[in-house]
Structure formats: C-alpha cells, structure tokens
Asker: 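First the structure, which I've put down as structure tokens, then a few questions once you've had a look.
Source: prediction; values computed, not measured.
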Amino acid sequence: MNILTFDLEDWFHINFDKKFNDELLWNEFESRIVHSTDIILEILYKKRIKATFFVLGWVAREYPDIIKKIFNEGHDIGSHSDIHNLIYLQNPEEFRKELRKSLHSIENVTGNKVKLFRAPAFSVGKNNIWALNILAEEGIEIDCSIFPLRHDFGGFPELQHHGTPFTIKIGDIILREFPMSTMNILGKPIVLSGGGYFRLFPYSLIRRYINKSEYVMTYFHPRDFDYGQPILSGLSLMRRVKSYYGLKQSLAKFQKLIDEFEVISISDAVNLCQWNESRIIDLHKL
C-alpha cells in the first residue's frame with residue numbers, strides 16, 4: 001500500500017516562527033502555489049492517479065480555484081491547519097479556533113465535509129495529545145499527523161515499530177491513523193518518502209525501501225518540485241539544506257516513483273484496511 005499525499009502550502013511556509021505566520025506579511029511574497037500545484041495535477045491527470053491533498057485554510061481563501069480544481073478532479077482534500085502554526089505552540093482553545101477556521105474555509109470552497117487532517121510539521125507529541133481529541137470532536141475521522149520517531153516538532157518514538165495504519169484511542173475518542181512510514185538504515189529508523197528526505201537520498205535507495213515495504217506514506221509539497229522558487233532569508237543552515245537541497249532533480253525522481261509503483265489516495269487506502277483487525281493504541285499509555 002503506497003499512499004500519495006501532498007501538503008498544500010506555499011514556498012514561504014517553511015518558516016515556523018509564529019510571528020511569521022501573518023497573512024498580511026505573506027502578501028509581500030510572490031505566490032507560486034497555483035503554478036506549482038498545476039504541474040502536479042497535470043502529472044496526476046495523465047497517469048490517472050488519485051491522491052490526497054492537505055490544504056491550508058489560507059490557501060483555500062486566497063486561491064479557491066485551485067482547490068476547486070483538486071476537488072473536481074477527484075482527489076481527497078483534508079486540512080493542514082489554517083496558517084501553518086505548529087500545534088505545540090498553541091493552547092487547546094487556540095488550536096480549536098484555528099482548526100475550525102481552516103475547515104470552514106475549505107468546506108466553503110468544496111461544499112464537502114473535511115474529515116482528514118495532518119498537523120503542520122507533524123507537530124503532535126505526547127505533550128499535546130489533547131489536539132487529537134479536538135480533531136475528533138470537530139469531525140475529523142482520519143489523522144495523518146503521527147511521526148513514529150523523535151522529531152524536532154513532536155513525534156512518538158515509542159511508536160517506531162508501529163509504522164502501519166492503526167486506531168487511536170484516547171478515552172472515548174477514536175481516530176483512524178495513517179502515520180508516517182519508516183525504514184532502518186544502518187540500524188537507525190528514518191523517513192525517506194517525502195519532503196527533504198526524498199530530495200536528499202538517491203532514488204535507488206528509495207526504490208529499494210518501497211519494494212521492501214508493505215506500507216508507504218508519502219508527503220510532498222508543491223515547493224519540493226519548484227527549482228525556481230526564491231530562497232527565504234533568515235533560515236538556519238540546516239533549514240536551508242532541508243528546504244532546498246535536491247530541488248533540481250526532485251520532479252524527475254517523483255515521476256520515476258509514480259511510473260514504477262502503484263500509488264493511491266487515503267480514501268482508497270481506508271477501504272483496503274482491515275480495521276476490525278488493526279491495532280488499537282491508547283496514546284496515554286505509551
């Protein structure tokens with residue numbers, strides 16, 4: 001099961017400073033989201049592939065036509081928050097307010113209930129499990145926020161041996177979870193199937209990883225394939241490497257991936273999973 005997903009955000013959303021997440025400030029930047037997303041949609045259309053797009057509420061408000069195009073071409077649409085705020089920097093009230101705003105903005109464009117969510121930068125961990133309660137209370141049924149390793153912005157290293165779909169239980173709350181997938185390289189679990197990892201590692205290694213895996217969750221951004229994007233100032237050296245390395249070759253690598261492997265949307269994956277046989281994990285007991 002190889003799942004194809006995209007986080008729909010613009011090139012400048014790589015800055016995670018909460019002060020930077022200001023819609024008025026973003027008006028000063030050239031937007032490249034429509035052009036970059038159109039390239040992806042054209043590739044998917046020609047290959048007759050359906051994928052899942054996690055959309056910022058801001059993108060839905062600013063560029064509703066590209067969201068309508070994604071929806072009308074039969075792809076899944078979920079929320080990726082409203083303005084890309086890291087969840088662990090918010091309190092429950094702030095998170096609920098932002099989630100509701102994103103859901104309203106997306107649903108206002110598509111006319112369809114949003115039931116999928118992915119946290120910006122996988123910013124859910126043991127210290128903010130409450131966010132998953134709020135997702136379920138607000139109508140989210142499927143989450144893709146769990147990074148089953150230690151992560152700069154969260155993560156659940158206790159789940160590194162549970163890198164396949166499972167059911168989350170938190171009290172009376174139930175969510176279906178599609179976590180990131182991992183593989184071991186020299187005894188260390190890492191992620192190769194999206195973002196900077198995909199751009200950094202050679203395609204031969206990625207191919208080997210996918211061939212050996214029963215479950216692969218990809219995550220790409222339109223900016224991952226945009227070699228001409230501006231370089232955002234103020235980033236650390238590590239963030240610059242993670243954000244821009246390998247852009248020139250990334251689209252060709254992506255096309256190889258979808259040529260060689262069958263990829264599906266989360267909606268299709270939900271129907272393939274045997275949920276009555278899946279693991280039920282109580283995150284409070286980790």
Side-chain angles (χ1 to χ4, degrees), residues 1-9 13-16 52-56 78-81 84-90 95 99 116-136 140 142-170 173 175-185 187-201 206 209-210 213-221 223-224 238-239 241-243 266 269 273 278-286:
M1 180 188 299
N2 305 316
I3 304 175
L4 182 60
T5 74
F6 299 89
D7 295 349
L8 208 66
E9 57 197 59
H13 289 121
I14 57 176
N15 189 329
F16 295 117
T52 298
F53 289 78
F54 292 98
V55 177
L56 292 184
S79 169
H80 191 44
S81 81
H84 214 239
N85 278 328
L86 297 173
I87 295 177
Y88 74 86
L89 295 179
Q90 302 176 72
F95 174 66
L99 174 65
L116 297 90
F117 180 83
R118 173 177 285 152
F122 305 98
S123 52
V124 178
K126 290 191 71 174
N127 293 330
N128 59 350
I129 290 176
W130 48 259
L132 300 174
N133 291 65
I134 292 173
L135 292 178
I140 297 297
I142 299 165
D143 178 64
C144 300
S145 303
I146 288 191
F147 199 93
L149 300 173
R150 195 172 304 282
H151 189 266
D152 291 345
F153 305 114
F156 289 84
E158 302 88 351
L159 294 175
Q160 64 179 279
H161 302 299
H162 298 280
T164 55
F166 58 88
T167 299
I168 293 175
K169 184 177 185 300
I170 312 172
I173 295 297
L175 274 177
R176 289 175 174 174
E177 179 67 36
F178 285 86
M180 282 307 303
S181 52
T182 65
M183 77 165 295
N184 286 323
I185 294 183
K188 183 177 180 180
I190 62 171
V191 172
L192 295 179
S193 53
Y197 299 97
F198 181 83
R199 289 184 274 104
L200 174 64
F201 287 97
I206 296 168
Y209 158 55
I210 297 175
S213 301
E214 294 183 1
Y215 167 78
V216 175
M217 170 62 76
T218 70
Y219 75 104
F220 299 105
H221 312 80
R223 65 173 180 269
D224 287 324
M238 182 59 71
R239 287 293 305 163
V241 171
K242 287 182 177 180
S243 300
I266 289 176
C273 289
S278 71
R279 289 159 297 127
I280 299 176
I281 298 178
D282 188 336
L283 296 182
H284 284 302
K285 294 182 179 180
L286 291 179

Asker: In this structure, is the centre-to-centre distance between the rings of Tyr219 and Phe122 below 6.0 Å?
Answerer: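 Distance test on ring centres: under 6.0 Å, yes.
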Asker: Kindly indicate whether the side chain of Val55, heavy atoms from C-beta on, has any atom under 4.5 Å from the side chain of Ser79.
Answerer: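 No, side chains not in contact.
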Asker: Which heavy atom of Arg118 sits nearest a heavy atom of Cys144, and at what distance?
Answerer: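 Closest approach of Arg118 to Cys144: NE-O, 3.2 Å.
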Asker: Closest approach of Leu175 and Leu132, non-hydrogen atoms and distance?
Answerer: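 Between these two residues, the closest heavy atoms are CD1-O, 3.7 Å.
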Asker: Give me the atom names and distance for the closest heavy-atom approach of Gly125 to Asn128.
Answerer: N-OD1, 2.6 Å
Asker: Are the side chains of Arg279 and Thr164 in contact, using a 4.5 Å heavy-atom criterion?
Answerer: yes
Asker: Lys169 vs Thr167, test: side-chain contact (heavy atoms from CB on, under 4.5 Å). Steps then yes/no.
Answerer: CA-CA 6 Å; Lys169 184 177 185 300; Thr167 299; 5.8 Å; no
Asker: For Phe53 and Phe6, take the angle between the two ring planes, folded into 0 to 90°, and tell me which bin it lands in: parallel under 30, tilted 30 to 60, perpendicular over 60.
Answerer: parallel
Asker: Could you check whether any side-chain heavy atom of Phe178 comes within less than 4.5 Å of a side-chain heavy atom of Thr5, counting everything from C-beta outward?
Answerer: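 Result no, sub-4.5 Å side-chain heavy-atom pair not found.
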Asker: Measure across Ser145 and Ala119 and return the closest heavy-atom pair with its distance rounded to 0.1 Å.
Answerer: OG-N, 2.9 Å
Asker: Please name the pair of heavy atoms, one in Leu56 and one in His80, separated by the smallest distance, quoted to 0.1 Å.
Answerer: CD2-O, 3.1 Å
Asker: Is there side-chain contact between Ile266 and Phe54, with at least one heavy-atom pair below 4.5 Å?
Answerer: yes
Asker: I'd like to know if the side chain of Ser123 reaches the main chain of Tyr88, judged simply by a donor and an acceptor atom lying under 3.5 Å from each other, with no hydrogens or angles considered.
Answerer: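 Not a single qualifying donor-acceptor pair exists.
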Asker: Would you indicate whether the side-chain heavy atoms of Tyr215 and Pro179 approach each other to under 4.5 Å?
Answerer: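 Result yes, sub-4.5 Å side-chain heavy-atom pair found.
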Asker: Which heavy atom of Ala121 sits nearest a heavy atom of Leu86, and at what distance?
Answerer: CB-CD2, 3.7 Å
Asker: Given side chains that start at C-beta, do those of Ile168 and Ile146 come closer than 4.5 Å, heavy atoms only?
Answerer: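 They are in side-chain contact.
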Asker: Heavy atoms, side chains only, cut-off 4.5 Å: are Trp130 and Ile87 in contact?
Answerer: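 Yes, at least one pair of side-chain atoms sits under 4.5 Å.
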Asker: Using the six-membered ring wherever Trp is involved, compare the ring planes of His84 and His13 and label them parallel, tilted or perpendicular (cut-offs 30° and 60°).
Answerer: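 Because their plane-to-plane angle lies in the 30° to 60° range, the rings of His84 and His13 count as tilted.
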Asker: Distance check, rounded to the nearest 0.5 Å: Ile129 atom CD1 versus Ile134 atom CD1?
Answerer: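 One gets 12.5 Å once the value is rounded to the nearest 0.5 Å.
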Asker: Any heavy-atom pair between the side chains of Phe198 and Asp224 that's under 4.5 Å?
Answerer: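 No - every pair of side-chain heavy atoms lies 4.5 Å or more apart.
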Asker: Apply side-chain contact (heavy atoms from CB on, under 4.5 Å) to the pair Phe220 and Leu4, showing each step before the final yes or no.
Answerer: CA-CA 8 Å; Phe220 299 105; Leu4 182 60; 3.9 Å; yes
